[in-house]
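The structure appears below as structure tokens.
Each ligand, and each atom within it, is numbered from 1 in the order the structure gives.
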Amino acid sequence: MQRIDKIKAARLLLASWRQAGDRIAFVPTMGDLHAGHLSLVQEARKRAERVVVSIFVNPLQFGENEDFDHYPRVLDSDSEKLNSAGVDLLFSPTVSELYPNGEQNVTRVVVPIMGDTLCGVSRPGHFSGVATVVSKLLNIVQPDSSLFGEKDFQQLLIIKKMAADLCFSSDIIGVPTCREVDGLAMSSRNNYLSDTQRELAPALMRELRNVKKMIESNPSADFSQLTQQAANTLNNTGFITDYFEIRRSADLAKPNRDDQELVVIAAAWLGKARLIDNVRVNAVLGACPRTD
Ligand code: PAF
């Protein structure tokens with residue numbers, strides 16, 4: 001595996017691979033890699049002769065009071081994991097390499113509507129930061145396909161829309177969430193949990209699955225009642241629920257009566273960790289209308 005931190009050197013290497021006819025699959029990350037990231041790498045290896053992973057803790061996607069300074073940076077151990085996983089290139093630019101004129105003045109990519117809901121409400125500017133850095137990385141790597149985890153379902157849809165709207169040629173592929181044995185979605189931020197919080201954390205996924213089951217058994221159920229009950233249960237368990245919603249899985253809009261492809265999606269604080277997760281639901285409609 002090659003390790004490169006300069007854009008120019010990465011471009012030269014990537015161009016030589018492309019010239020040799022190799023397809024390139026790309027996995028952008030912020031590092032502190034776990035089995036979820038490595039499953040993206042495995043999927044990437046099935047799709048291309050060359051696999052590129054980027055590690056870049058992107059300041060543009062962190063709010064003022066968020067964990068940018070404390071976000072784990074463990075480049076050497078990440079590099080070993082990627083090497084063992086068969087990655088061809090680790091691209092790990094510095095902040096000044098990616099934002100040479102400072103990140104405040106950089107041209108930004110904004111994905112409207114989808115970027116302003118759910119996590120976009122409590123993290124203003126976050127998805128614009130993500131869309132901007134992913135655009136830059138896609139322009140540098142110019143991959144045939146790029147892989148993103150479905151745990152960040154809103155991010156995945158936003159990147160798909162951005163890639164379609166801005167005519168990026170890379171396919172944007174979602175990869176199913178990797179879970180711990182107790183069901184908690186893998187995330188670098190799980191390390192912020194104390195032992196007691198770690199035991200409580202799977203309740204988020206349990207509530208999502210509960211709501212999914214209730215929709216499947218009664219697609220005409222009152223959605224706002226279901227989500228309010230789930231949020232109350234989480235809050236009584238020690239979470240502070242940011243949102244718990246049932247949305248249309250195609251665009252995260254509030255579902256109409258006849259929408260069947262749905263996602264139950266939530267974000268909740270547990271101590272210092274802001275956990276996000278989601279489950280998809282196919283709601284086959286019954287005879288009774290839903291309450292709005
Ligand atoms: O999901 C992440 O790790 C980040 O948001 C991403 C896509 C690497 C952009 O910084």
Taking only distance into account, with no hydrogens and no angle test, what donor-acceptor pairs under 3.5 Å do side-chain atoms of residues 204-214 form with protein atoms, sequence neighbours excluded?
residue, atom, partner, partner atom, Å
Lys212, NZ, Glu216, OE2, 3.4
Lys212, NZ, Arg280, O, 2.8

Partners of Leu157 by side-chain contact (heavy atoms from CB on, under 4.5 Å), sequence neighbours excluded? Met114, Phe153, Leu252
Salt bridge (charged side-chain N to carboxylate O under 4.0 Å, His left out): which pairs involve residues 147-163, sequence neighbours left out? Lys161-Asp165
Can you classify the ring geometry of Tyr99 versus Phe56 as parallel (below 30°), tilted (30 to 60°) or perpendicular (above 60°)? tilted
Can we say Asp144 and Arg23 salt-bridge, meaning some charged N sits less than 4.0 Å from an Asp/Glu carboxylate O? no
Note down each nitrogen or oxygen pair, ligand 1 side and protein side, whose separation is under 3.5 Å; give only atom names and the distance to 0.1 Å.
residue, atom, partner, partner atom, Å
ligand 1, 1 (O), Gln155, NE2, 2.8
ligand 1, 5 (O), Gln61, NE2, 3.0
ligand 1, 5 (O), Gln155, OE1, 2.7
ligand 1, 10 (O), Gln61, OE1, 2.6

Using only atom types and a distance under 3.5 Å, with no angle test, would you say the side chain of Thr132 pairs donor to acceptor with the backbone of Val109? yes
